[in-house]
Chemist: 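Just dropping this structure here.
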Amino acid sequence: MKLKNILLATTLIAAPLSSQAQTFNPPPVTGPYVSFGGGGNFLQNEHIVGPNGNTSDASLASHFGGVAVGALGYGLGNGLRLEFEGDYRHNGFSNGKNFGYPAGAGGGETKFGPMFNVVYDLTGLIPSFPYVAPYAGVGVGYQWTRLNSFHTYNDDTGFPRQSSDDSRGALAYQAIIGAVIPFRFLPQLATTIEYRFLGTADRSFDATVQTAPGVSDPNGRVKLGNDFNHALLIGIRYDFGAPTPPPPAAPSPVAVPAPAAARSYLVFFDWDKATLTDRARAIVKEAADNSTRVQYTRIEVNGYTDTSGTPRYNLGLSERRARAVAGELIRDGVPQNAIDVHGLGETHLLVSTGPGVREPQNRRVEIIVR
């Protein structure tokens with residue numbers, strides 16, 4: 001498939017999806033996911049290594065080619081992701097350079113193999129990106145190179161001429177810079193846009209060398225030095241670990257009142273935070289102390305958020321806030337088995353708002369002593 005066809009296909013895939021991008025910072029990936037991408041690649045001139053092992057001035061120039069990558073990964077929830085990847089690249093040779101004679105070249109090379117990547121989501125470090133979640137990573141692995149009807153020749157006389165259809169493998173390494181664009185209609189699905197740099201170590205191929213008509217050495221060798229490949233890809237990613245958002249509840253002007261016999265305490269949080277302030281710790285301490293003075297059956301700890309962000313993200317944030325308060329109650333002497341922890345996301349708003357509103361009074365945890 002030619003490069004323009006590959007780019008056209010990936011653009012057609014990504015264009016309608018990107019229009020659904022949400023205006024929020026997506027949370028780091030938690031759990032397993034799969035991703036697929038395709039695009040174009042540029043192969044820098046590959047130097048030919050001489051018999052003494054030194055890189056010569058002779059090199060091979062290549063045409064633009066195609067690239068495809070598929071990966072199975074796992075997000076640790078803290079920004080780090082681990083990936084096992086399989087990739088495919090192809091480039092055709094266009095001509096030789098610095099051979100000492102006008103050199104032509106033909107055929108091409110195909111690279112493929114497994115890579116192991118460590119990727120880090122940069123959302124928490126770059127909060128100024130409201131529409132995408134940038135990431136960066138590095139990888140190591142092994143790449144096989146297959147020469148497909150490869151040949152070089154003197155463009156004037158036809159000789160010397162060398163040809164090969166051999167395959168060889170070598171260690172490889174790569175760097176990744178990309179961004180993910182999530183979708184409103186399906187939180188688990190996202191478009192990815194990536195730049196990848198791939199380096200491959202020296203490889204030595206069996207070759208046939210012809211020095212004159214009828215004079216050939218079938219046991220010749222051609223050794224290609226480190227090659228450096230640059231690729232741009234557009235793809236999709238599906239996150240199996242993303243929870244399904246709960247059905248939205250009708251907003252209420254006030255929280256659901258607790259029974260008359262219950263006592264409740266409100267702990268408020270900063271935007272997009274689940275850490276306790278000094279004031280919040282004092283309220284939790286008051287609730288813990290008062291619970292020892294009354295006979296209670298249970299203590300409910302319910303976490304909430306405002307409507308900024310997505311329902312999926314807000315559900316997880318409310319759970320982290322509730323767990324932070326529950327942990328502080330335990331440190332203040334409340335038995336763990338007496339506490340029920342719930343994350344209720346952006347439901348039961350204390351102050352009724354529309355979607356996407358940062359309302360401080362809705363970013364809270366309610367402690368109810370029953």
Chemist: Decide whether Asn226 and Glu46 meet the rule of one side-chain donor and one side-chain acceptor closer than 3.5 Å.
Modeler: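 Not at all, the side chains of Asn226 and Glu46 share no donor-acceptor pair under 3.5 Å.
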
Chemist: Could you go step by step and tell me if His230 and Gln44 meet the side-chain hydrogen bond (donor to acceptor under 3.5 Å, both in side chains) rule?
Modeler: CA-CA 8 Å; His230 307 267; Gln44 290 183 213; 2.6 Å; yes

Chemist: Starting from Leu72, can I reach Val140 by hopping between I/L/V/M/F/W/Y residues whose side chains sit under 4.5 Å apart?
Modeler: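 No, no single cluster joins them.
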
Chemist: Under 3.5 Å, side chain of Arg168 to main-chain N/O of Ser204, donor-acceptor pair present?
Modeler: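 Yes: the side chain of Arg168 pairs with the backbone of Ser204.
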
Chemist: Following the transitive rule for hydrophobic clusters with a side-chain heavy-atom cut-off under 4.5 Å over Ile, Leu, Val, Met, Phe, Trp and Tyr, establish whether Leu276 and Tyr265 coincide in one cluster.
Modeler: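 Shared cluster, yes.
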
Chemist: Compare every heavy atom of Val334 with every heavy atom of Ala288, then report the nearest pair and how far apart it is.
Modeler: CB-CG2, 3.8 Å

Chemist: Are Phe99 and Val209 grouped together when hydrophobic residues (ILVMFWY) are joined by side-chain heavy atoms under 4.5 angstrom apart?
Modeler: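 Different clusters.
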
Chemist: Answer yes if Ile299 and Val267 sit in the same cluster of Ile, Leu, Val, Met, Phe, Trp and Tyr residues linked by side chain heavy atoms under 4.5 Å apart, and no otherwise.
Modeler: yes

Chemist: I need the single residue from Thr307, Thr305, Thr353 that forms a side chain to side chain contact (heavy atoms under 4.5 Å, CB included) with Asn362. Which is it?
Modeler: Thr353

Chemist: Does the side chain of Ser35 pick up a donor-acceptor pair with the side chain of Arg237 at under 3.5 Å?
Modeler: no

Chemist: Would you please indicate if the ring centroids of Phe240 and Tyr238 are separated by under 6.0 Å?
Modeler: yes

Chemist: One pair to check against side-chain contact (heavy atoms from CB on, under 4.5 Å): Val341 and Arg323. What are the steps and the verdict?
Modeler: CA-CA 7 Å; Val341 179; Arg323 287 196 296 270; 4.3 Å; yes

Chemist: Could you give the distance from CD (Gln210) to CG (Asn154), rounded to the nearest 0.5 Å?
Modeler: 13.0 Å

Chemist: Are Met115 and Gln174 close enough, and set up right, to give a side-chain contact (heavy atoms from CB on, under 4.5 Å), and what steps lead you there?
Modeler: CA-CA 9 Å; Met115 302 290 290; Gln174 70 176 341; 3.9 Å; yes

Chemist: Cut-off 3.5 Å, side chains only: do Asn314 and Glu346 have a donor facing an acceptor?
Modeler: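 The criterion, which ignores hydrogens and geometry beyond distance, is satisfied for Glu346 and Asn314.
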
Chemist: Please report the closest heavy-atom contact between Leu147 and Ser164, naming both atoms and the distance.
Modeler: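 In this case the closest contact between Leu147 and Ser164 is CD1-OG, 3.7 Å.
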
Chemist: To the closest 0.5 Å, what do you measure between NE2 (His348) and OH (Tyr304)?
Modeler: 5.5 Å

Chemist: The test is side-chain hydrogen bond (donor to acceptor under 3.5 Å, both in side chains); show your working for Tyr33 and Glu83 and say whether it passes.
Modeler: CA-CA 9 Å; Tyr33 64 90; Glu83 287 186 349; 2.9 Å; yes

Chemist: Would you compute the distance between atom OG1 of Thr152 and atom CZ of Arg161 and round it to the nearest 0.5 angstrom?
Modeler: 8.0 Å

Chemist: With a 4.5 Å cut-off on side-chain heavy-atom distances among I, L, V, M, F, W and Y, is there a chain of contacts connecting Phe93 to Tyr101?
Modeler: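 Yes, Phe93 and Tyr101 fall within the same hydrophobic cluster.
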
Chemist: Hey, does the side chain of Arg146 reach the backbone of Trp144 with a donor-acceptor pair shorter than 3.5 angstrom?
Modeler: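 Between the backbone of Trp144 and the side chain of Arg146 there is no qualifying donor-acceptor contact (under 3.5 Å).
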
Chemist: With side chains defined as the heavy atoms from C-beta onward, is the minimum distance between Ile193 and Leu233 less than 4.5 Å?
Modeler: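 A side-chain contact under 4.5 Å is absent here.
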
Chemist: Using a strict 4.0 Å threshold on nitrogen-to-oxygen distance, state whether Glu85 and Arg196 make a salt bridge.
Modeler: yes

Chemist: Quick one: are Thr277 and Phe269 in side-chain contact, heavy atoms under 4.5 Å?
Modeler: no

Chemist: Applying salt bridge (charged side-chain N to carboxylate O under 4.0 Å, His left out) to Asp306 and Arg363, what does each step give before you reach the verdict?
Modeler: CA-CA 5 Å; Asp306 57 26; Arg363 303 193 294 264; 3.0 Å; yes

Chemist: Identify the two heavy atoms, one from Leu315 and one from Gly343, that lie closest to each other, and give their separation to 0.1 Å.
Modeler: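 Taking Leu315 first and Gly343 second, the nearest heavy atoms are CD1-O, 3.3 Å.
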
Chemist: Are the side chains of Asp289 and Glu286 in contact, using a 4.5 Å heavy-atom criterion?
Modeler: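 Sidechains of Asp289 and Glu286: no contact.
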
Chemist: Using ring centroids (six-membered ring only for Trp), state whether Tyr135 and Tyr120 fall under 6.0 Å.
Modeler: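 No, the ring of Tyr120 stays outside the 6.0 Å limit from the ring of Tyr135, centre to centre.
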
Chemist: Do you know the tightest heavy-atom contact between Ala231 and Val67?
Modeler: CB-CG1, 4.0 Å

Chemist: Using 30° and 60° as the class limits, which term best fits the ring planes of Phe197 and Tyr173: parallel, tilted or perpendicular?
Modeler: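 Ring orientation, 0 to 90° scale: tilted.
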
Chemist: Got a second to check how far Asp340's CG is from Asn302's CG, nearest 0.5 Å?
Modeler: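 Atom-to-atom, Asp340:CG and Asn302:CG are 9.0 Å apart.
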
Chemist: Would Arg364 pass as a cation-pi partner of Phe268, given that its NZ or CZ must be under 6.0 Å from the six-membered ring centre and within 45 degrees of the axis?
Modeler: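 Ring-cation test returns no.
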
Chemist: Please answer whether the main-chain N or O of His63 pairs with a side-chain N or O of Asn91 as donor and acceptor at a distance below 3.5 Å.
Modeler: yes

Chemist: Are Arg81 and Asp121 within salt-bridge range, i.e. N to O under 4.0 Å?
Modeler: yes

Chemist: Does Val119 offer a backbone N or O that forms a donor-acceptor pair with the side chain of Asn117 under 3.5 Å?
Modeler: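 Not confirmed, Asn117 side chain does not pair with Val119 backbone.
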
Chemist: When you look at Gln188 and Asp239, which way does the side-chain hydrogen bond (donor to acceptor under 3.5 Å, both in side chains) test go after all the steps?
Modeler: CA-CA 5 Å; Gln188 293 91 341; Asp239 178 9; over 6 Å; no

Chemist: Is there a side-chain contact (heavy atoms from CB on, under 4.5 Å) between Val301 and His342 once you walk through the steps?
Modeler: CA-CA 6 Å; Val301 178; His342 306 281; over 6 Å; no

Chemist: Does Arg321 form a salt bridge (charged side-chain N to carboxylate O under 4.0 Å, His left out) with Glu319? I'd like the steps, not just the answer.
Modeler: CA-CA 5 Å; Arg321 288 172 174 170; Glu319 291 173 350; over 6 Å; no

Chemist: Hey, does Thr192 have a side-chain heavy atom less than 4.5 Å from the side chain of Ile236?
Modeler: no

Chemist: To the nearest 0.5 Å, what is the distance between OH on Tyr313 and OG on Ser308?
Modeler: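 If we round to the nearest 0.5 Å, Tyr313:OH and Ser308:OG are 9.0 Å apart.
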
Chemist: Taking the side chain as every heavy atom from C-beta outward, state whether Asn290 and Val369 have any atom pair closer than 4.5 Å.
Modeler: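 When only atoms from C-beta onward are counted, Val369 and Asn290 do not touch, as no gap falls below 4.5 Å.
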
Chemist: Enter the distance from Glu109:CD to Asn229:CG here, rounded to the nearest 0.5 Å.
Modeler: 8.5 Å

Chemist: Side-chain contact test, heavy atoms from C-beta onward, threshold under 4.5 Å: evaluate it for Phe150 versus Asp165 and give yes or no.
Modeler: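 Answer no - side chains too far apart.
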
Chemist: Are side-chain N/O atoms of His47 and Ser59 paired as donor and acceptor at under 3.5 Å?
Modeler: no

Chemist: So which heavy atom on Gly77 is nearest to which on Thr30, and how close?
Modeler: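 Heavy-atom minimum between the residues: CA-OG1, 3.2 Å.
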
Chemist: Begin from the C-alpha positions of Tyr153 and Phe159 and carry the test ring pair (Phe, Tyr, Trp, His ring centres under 6.0 Å) through to its verdict.
Modeler: CA-CA 6 Å; Tyr153 53 91; Phe159 298 95; 9.7 Å; no

Chemist: Please tell me if the side chains of Arg331 and Val284 come closer than 4.5 Å, counting only heavy atoms from C-beta onward.
Modeler: no

Chemist: Gly113 and Asp87: which non-hydrogen atoms are nearest, and at how many Å?
Modeler: O-OD2, 3.0 Å

Chemist: Are Phe42 and Phe64, when compared by the centres of their aromatic rings, separated by less than 6.0 Å?
Modeler: yes

Chemist: Taking the side chain from Ser94 and the backbone from Ala61, do they hold a donor-acceptor pair closer than 3.5 Å?
Modeler: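 Yes; at least one donor-acceptor contact below 3.5 Å.
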
Chemist: Report the C-alpha separation of Val118 and Leu82 in whole Å, then their side-chain angles, then the decisive distance to 0.1 Å, and conclude whether the side-chain contact (heavy atoms from CB on, under 4.5 Å) test is met.
Modeler: CA-CA 5 Å; Val118 178; Leu82 307 178; 4.1 Å; yes

Chemist: Do side-chain atoms of Arg89 reach the backbone of Asn41 as a donor and acceptor pair under 3.5 angstrom?
Modeler: no

Chemist: When you compare the side chain of Ile367 with that of Glu300, does any pair of heavy atoms fall below 4.5 Å?
Modeler: no

